[in-house]
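Below is one structure, written out as C-alpha cells; comments come after it.
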Protein chains: 2
Amino acid sequence: MVEPLDPEMFDPVCPSSALPVQIGDKWTAMVVLCLEAGPRRFTELKTPLRGVTPKVLTQTLRAMERDGLVTRTAYDENPPRVEYELTPLGRSLLDLVAAARAWSREHLPALLEARAAHDSSPHASRLKRSPDSRA
Amino acid sequence: MVEPLDPEMFDPVCPSSALPVQIGDKWTAMVVLCLEAGPRRFTELKTPLRGVTPKVLTQTLRAMERDGLVTRTAYDENPPRVEYELTPLGRSLLDLVAAARAWSREHLPALLEARAAHDSSPHASRLKRSPDSRA
DNA sequence: GATACTGGTTACCTCAACGATACCGGGATA
DNA sequence: TATCCCGGTATCGTTGAGGTAACCAGTATC
C-alpha cells in the first residue's frame with residue numbers, strides 16, 4: 001500500500017483562485033495529484049481536499065471516470081471499499097499539472113504583484129494624448 | 001504593422017468545452033494567441049473571437065490588464081484607437097498554451113473516445129466481488 | 001436500542017460567468 | 001442633416017458549477 005496522503009498537501013492560502021490555469025474542474029488537478037502515488041479510497045481523497053463535499057467529489061470522480069482519467073473499483077466487502085486509480089491517460093495529465101505548477105512558481109508572484117499594484121493605484125487616466133503635449 | 005488575424009484561426013467545432021485545460025477565463029488563451037504576433041486593436045480581436053460580445057471582451061482584457069498580462073494604450077485620436085499588447089508576463093503564458101495544445105493533440109482523441117464509449121455503454125455493474133472467491 | 005462508519009444520494013440555494021440587446025460620444029464624411 | 005466608425009457601457013436574463021444540509025443501506029459495535 002502507498003503512504004497516506006498528507007492532509008496539508010494543498011496550501012489553503014494559495015488556491016487555484018489566483019492562478020490562471022485550470023485543469024478540468026475545480027478539484028480535478030488536485031485529485032490527479034492525490035492519485036499520483038497509487039490508488040486511493042473515497043474518504044482518503046476527502047482529507048487533503050479540505051472543504052470538498054462528498055457530492056462534489058463524487059461529481060468530479062464520475063466525470064474523470066467518464067473521460068477515462070481514473071478507474072473506479074468497488075469491492076463488495078464489509079465495510080464497503082472503493083478505490084480510484086489513475087489510468088495512463090490520467091497519468092498523462094501529470095505533465096500538464098507540472099507545467100502549470102512550474103509556471104506558477106516562476107511567474108505567479110509577478111502576476112500577484114501586478115494585481116496588487118493595479119488595485120491600489122488611483123486609476124490613472126487611461127488616455128494617452130496624441131504625441132503632442134499635455135496640460 | 002503585423003499581418004491581419006485570420007478570422008478562422010479558432011475552430012468553432014473544437015472548442016475548449018471538450019479539453020480539460022483552461023487558461024484564465026474562457027477567452028484568455030485565445031486573446032493571448034491573437035496577440036502573439038504583435039499589438040492588436042479591440043475590433044481586430046473581436047473578429048477571430050467569433051461570438052464574443054464587446055462586454056465580455058472588455059471584461060477579459062481588463063482582467064488581463066489588471067494581472068499584468070497585457071497593456072492597454074489608448075490614443076486620443078479620431079477615430080479612437082486602442083491597442084492591446086502582451087507584456088513579457090503575458091508572453092510567458094504562450095509556453096503554457098503550447099503545452100496545453102500539445103497535450104490535446106496527443107491525448108484528446110483518447111479522452112473523447114473514452115467519453116463516447118462511456119456514454120454509449122449500458123452502464124455495466126460498478127461492483128466487483130471480493131477477490132477471494134469466484135461467482 | 002443507539003450509535004458510528006463507508007460511500008455515497010437527493011433537494012435546494014447562491015453566485016458569478018457568460019451572453020443578448022441596446023445605446024453612447026465625438027469626430028469625419030456625404 | 002444624417003450617417004458611419006470605434007471602443008466601448010448599461011441593462012437584463014440564463015446557465016451551471018459549486019456549496020449546504022439532510023438522508024440512506026448495511027454492518028458492527030456499544
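What you see is a predicted model, and the numbers here were worked out from it, not measured in a lab. Convention: sequence-line order gives letters A, B, ...; per-chain numbering from 1.
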Exercise. Compare side-chain N and O positions of Arg41(B) against OP1 and OP2 of dG7(D) and report whether any pair is under 4.0 Å apart.
Key: yes
Quiz item: Listed by chain and number, what are the side chain to side chain contact (heavy atoms under 4.5 Å, CB included) partners of Thr87(B), not counting sequence neighbours?
Solution: Thr71(B), Leu89(B)
Exercise. Take nucleotides 9-23 of chain C nucleotide by nucleotide from the 5' end and write B, S or -, depending on whether a protein heavy atom sits under 4.0 Å from the base, only from the sugar-phosphate, or from neither.
Key: BBBB-----BBB---
Practice problem: For residues Cys34(A) and Glu44(A), determine if any side-chain heavy atom of one lies less than 4.5 Å from a side-chain heavy atom of the other. | Solution: no
Quiz item: What is the distance from CZ of Arg72(A) to C1' of dT6(C), rounded to the nearest Å?
Solution: 12 Å
Identify each atom pair where a protein N or O and an N or O of nucleotides 26-30 of chain C are less than 3.5 Å apart, giving names and distance.
{"residue": "dG27(C)", "atom": "O4'", "partner": "Asn78(B)", "partner atom": "ND2", "Å": "3.1"}

Quiz item: Taking atom C1' of dT9(D) as reference, at what distance in whole Å does atom CG of Leu57(B) sit?
Solution: 14 Å
Practice problem: Please report, rounded to the nearest Å, how far the C1' atom of dG7(C) is from the CD atom of Glu83(A). | Solution: 13 Å
Quiz item: Under 4.0 Å between a side-chain N/O of Tyr75(A) and OP1 or OP2 of dG7(C), yes or no?
Solution: no
Practice problem: Not counting sequence neighbours, which residues clear side chain to side chain contact (heavy atoms under 4.5 Å, CB included) with Pro80(A)? List them please. | Solution: none
Quiz item: Which residues pass the side chain to side chain contact (heavy atoms under 4.5 Å, CB included) test with Thr47(A), sequence neighbours left out?
Solution: Pro7(A)
Quiz item: In whole Å, what is the span from the CD atom of Glu65(A) to the C1' atom of dG7(C)?
Solution: 14 Å
Exercise. Nearest whole angstrom, please: distance from the C1' of dG7(D) to the NZ of Lys46(B).
Key: 8 Å
Practice problem: Round to a whole Å and report the spacing from CZ of Phe42(A) to P of dC5(C). | Solution: 16 Å
Quiz item: Taking only residues two or more places apart in sequence or in another chain, which ones pass side chain to side chain contact (heavy atoms under 4.5 Å, CB included) with Val52(B)?
Solution: Trp27(B), Lys46(B), Leu49(B), Val56(B), Leu57(B)
Quiz item: Among pairs that include at least one residue of residues 90-102 of chain B, which meet side chain to side chain donor-acceptor pair (under 3.5 Å), considering only residues two or more places apart or in two chains?
Solution: Trp103(A)-Ser92(B)
Quiz item: So do Thr28(B) and Val31(B) actually touch side chain to side chain, heavy atoms under 4.5 Å?
Solution: no
Practice problem: Give the minimum heavy-atom separation between Val32(B) and Gly90(B), together with the two atoms involved. | Solution: CG1-O, 4.2 Å
Practice problem: Measure the angle between the two terminal helix axes of the helix from dG1(C)-dC30(D) to dA30(C)-dT1(D), five base pairs each, and quote it to 10°. | Solution: 30°
Quiz item: Who pairs with Arg50(A) by salt bridge (charged side-chain N to carboxylate O under 4.0 Å, His left out), at least two apart in sequence or on another chain?
Solution: none
Quiz item: Roughly how far, to the nearest 0.5 Å, is CG of Leu45(B) from CE of Met30(B)?
Solution: 12.0 Å
Quiz item: Side chains of Phe42(A) and Leu61(A): closer than 4.5 Å at any heavy-atom pair?
Solution: yes
